[in-house]
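Okay, so here's the structure we're looking at.
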Amino acid sequence: MIEEHDERETICDSVNSLIEGCRLPVRMNGTQDWPLAEIISIKDGEGVKEYYIHYVDFNKRLDEWVSEDCLDTRKVQFPQRDGATAPGTGAATPKKQVPSRPQSPSSVSSEPVNGSVVLQAALQKKINRKRKANFIENDDSQDGPPQQQSSAGPRPTGSLVSHHHDDVVTRMKNIDLIELGKHRIKPWYFSPYPPEMVNLSCIYICEFCLKYRKSRKCLERHLAKCNLRHPPGNEIYRNGSISFFEIDGRKNKSYAQNLCLLAKLFLDHKTLYYDTDPFLFYVMTEFDNRGFHIVGYFSKEKESTEDYNVACILTMPQYQRMGYGKLLIEFSYELSKHEGKTGSPEKPLSDLGLLSYRSYWAHTILEILLNTKPQGENEKPQITIGEICDITSIKKEDVISTLQNLNLINYYKGQYIITINSETIKEHTDAMQKRKTRIDSRCLHWSAKDWSIRAKW
């Protein structure tokens, strides 16, 4: 059997020839697997080189620093620059070119990654977008045809905005460990904490006000003064040990900003801004004798032109795989029901978020379909897509895509018919039995506000 040879690959005689942008097999931590990985950054500490690598086609939360013995230099793909010969290959320019990457700050300087600079740049881009939007709006108010909006798509929204700039700085985890209450958690992604926090072995975070400290002693001094035992804002739901608090991003700006910083450690598909005024934050907590501990949260625009009922959503890692994600999603739709609207989460969703939403949509829609009764004898149950949307507050596009993903829609004699087989029913029944905690609408004490009246901000 003849193996195909990639023109970009070459045997590298020394790890010293490796540069940022090289791709090669790397042994994944804790396994014997050698997936293809890309070198993002190289650092030299006390004569020993370490390589920050991203496993190609794997989630970025698996990115890590590795030593030389984890690298397989027998098959190296060097990055190509402007059609030049790849360094160290001695071969002609390959037909397929790998785009070069800028050199990472960590490879040219020992200074820590400056989160403030990242924030400032993001804020400036947001200001520029607002100015451009105002310019377009003013142009539209003049006589004549309206100006065409930018083809870049709708304006970015969310205190964690869904336009991530994939530069070298934000591609690298900058926090090693956080301590939140009794949990120590390894972050998954970059978050722009202040530079003085970046090189610490652990960041200590107050689990009630979310302020961050450099050491446990500093945290203990803070806890002696901090009188919060629950998130600020109004408790709008309580059922057993589960509570939801509504936090206004304008009235509780410090808490909202700290929540965004914390969430960014576990959300890769968003870029963090400090403009929290246009958002509400719904924090789910679990109560014990020490207080109300944050389990997860979702944020929501006060006014959403696209009918988004969630901007960002996160279940903290220590509470994942316990059904809390679906509880957060169910609560967001409960609010939509009280508003008399259908809603949908802001896109793009994270990989885990997408799985949770697809599962929630499937179970919720199947529950409606299975409980639909025929109107007369010898008739089959009938329900429209619109009726499903009205009952669940799930947007029409999400209902249709869910039915298609489940292969429940069939075209027969000029009309679409939903067919549910016994296997689907069994899977749904088994899944619903595992969902021990559900949202009880009787425990929600909340009324929708008209945020178009600016005085309410």
Salt bridge present between K214 and E196 (N-O < 4.0 angstrom)
no

In terms of side-chain heavy atoms, does Y324 have a donor or acceptor partner in E286 at a distance below 3.5 Å?
yes

Determine, stepwise, if the pair H428 / L369 fulfils side-chain contact (heavy atoms from CB on, under 4.5 Å).
CA-CA 11 Å; H428 169 71; L369 296 176; over 6 Å; no

Is it true that a side-chain atom of D72 and a backbone atom of R74 form a donor plus acceptor pair closer than 3.5 Å?
yes

Judged by atom type as modelled, is there a donor-acceptor pair below 3.5 Å linking the side chain of E301 to the main-chain atoms of P278?
no

Distance in Å, L219 CG paired with E179 CD, rounded so as to fall on 0.5 Å steps:
7.0 Å

With no hydrogens and no angle check, is any side-chain donor or acceptor of S393 less than 3.5 Å from a backbone partner on K341?
yes

So if I apply the side chain to side chain donor-acceptor pair (under 3.5 Å) rule between K253 and each of T276, N258, D277, which one comes out positive?
D277

Would you please classify the geometry between the F58 ring and the Y55 ring as parallel, tilted or perpendicular, with 30° and 60° separating the classes?
perpendicular

For Y255 and F281: C-alpha separation, side-chain torsions, deciding distance, then whether ring pair (Phe, Tyr, Trp, His ring centres under 6.0 Å) applies.
CA-CA 10 Å; Y255 181 90; F281 298 82; 8.2 Å; no

Step through the shown structure and confirm whether more than 12 heavy atoms of other residues, nucleotides or ligands are within 6.0 Å of NZ on K337.
yes

Say you draw a straight line from CD1 of I39 to OH of Y51; how long is it, rounded to the nearest 0.5 Å?
6.5 Å

With side chains defined as the heavy atoms from C-beta onward, is the minimum distance between S332 and I313 less than 4.5 Å?
no

Is the closest side-chain heavy-atom distance between R213 and S215 below 4.5 Å?
no

Output yes when a side-chain donor or acceptor of S299 lies under 3.5 Å from a complementary backbone atom of C312, and no otherwise.
yes

Just by modelled atom types, is the N29 backbone N or O under 3.5 Å from a matching donor or acceptor in the E64 side chain?
yes

What is the minimum heavy-atom distance between L228 and C209, and which atoms define it?
CD1-CB, 3.8 Å

Measure the shortest side-chain to side-chain distance between V283 and F292 over non-hydrogen atoms and say whether it is less than 4.5 angstrom.
no

Looking at CG of L24 and OG1 of T73, how far apart are the two atoms once the value is rounded to the nearest 0.5 Å?
7.5 Å

Between P79 and I19, the two heavy atoms sitting closest are CG-CD1, 3.8 Å

Reported CG-to-CD1 distance for the pair L18 and I42, which is rounded to 0.5 angstrom:
6.5 Å

Do F244 and V295 pass the side-chain contact (heavy atoms from CB on, under 4.5 Å) test, and can you show the C-alpha distance, the side-chain angles, and the key distance before you say yes or no?
CA-CA 10 Å; F244 279 87; V295 171; over 6 Å; no

How many angstroms lie between CZ in R61 and CG in D268, if you round to the nearest 0.5 Å?
9.5 Å

Taking E207 as the fixed residue, which of R229, H183, R290 is the one that meets the side chain to side chain donor-acceptor pair (under 3.5 Å) rule?
R290

CG/D44: more than 12 non-hydrogen atoms of other groups inside 6.0 Å:
yes

When the ring planes of W65 and Y52 are compared, do they come out parallel, tilted or perpendicular, using 30° and 60° as the limits?
perpendicular

Closest approach of F266 and I178, non-hydrogen atoms and distance?
CZ-CD1, 4.1 Å

On a heavy-atom basis, the closest approach of W34 and D69 is CH2-O, 4.2 Å

Between L180 and I294, does a side-chain contact (heavy atoms from CB on, under 4.5 Å) hold up when you go through it step by step?
CA-CA 9 Å; L180 183 69; I294 180 170; 4.2 Å; yes

Taking the side chain as C-beta and beyond, is there a heavy-atom pair between P192 and L261 under 4.5 Å?
yes

Where do S191 and K264 come nearest, in terms of heavy atoms and distance?
OG-CB, 3.5 Å

Donor-acceptor contact present, side-chain T31 to main-chain M28, <3.5 Å
yes

Please check: side-chain N/O of K173 versus main-chain N/O of D63, any donor-acceptor pairing under 3.5 Å?
yes

Test side-chain contact (heavy atoms from CB on, under 4.5 Å) applied to K300 and Y308, step by step
CA-CA 8 Å; K300 178 178 179 178; Y308 291 135; over 6 Å; no

For N239 and R438, the nearest pair of non-hydrogen atoms, with its separation, is ND2-O, 4.1 Å

Reference residue V310; test side-chain contact (heavy atoms from CB on, under 4.5 Å); the match among Y282, F331, Y333, Y357:
Y357

Less than 4.5 Å apart, any side-chain heavy atom of L223 and any of C206?
yes

Within the structure provided, determine whether D430 and E427 are in side-chain contact (heavy-atom separation under 4.5 Å).
no

pair H293-Q318: side-chain heavy atoms closer than 4.5 Å:
no

Student check: side-chain heavy atoms of M432 and L366 closer than 4.5 Å:
no

Looking only at side chains, do S359 and K326 share a donor and an acceptor under 3.5 Å apart?
yes

Would you kindly say whether T424 and N421 are connected by a side-chain donor-acceptor distance under 3.5 Å?
yes

In terms of the angle between their ring planes, are H230 and F245 parallel, tilted or perpendicular, with boundaries placed at 30° and 60°?
parallel

d(I185 CD1, I203 CD1) to nearest 0.5 Å is 12.0 Å

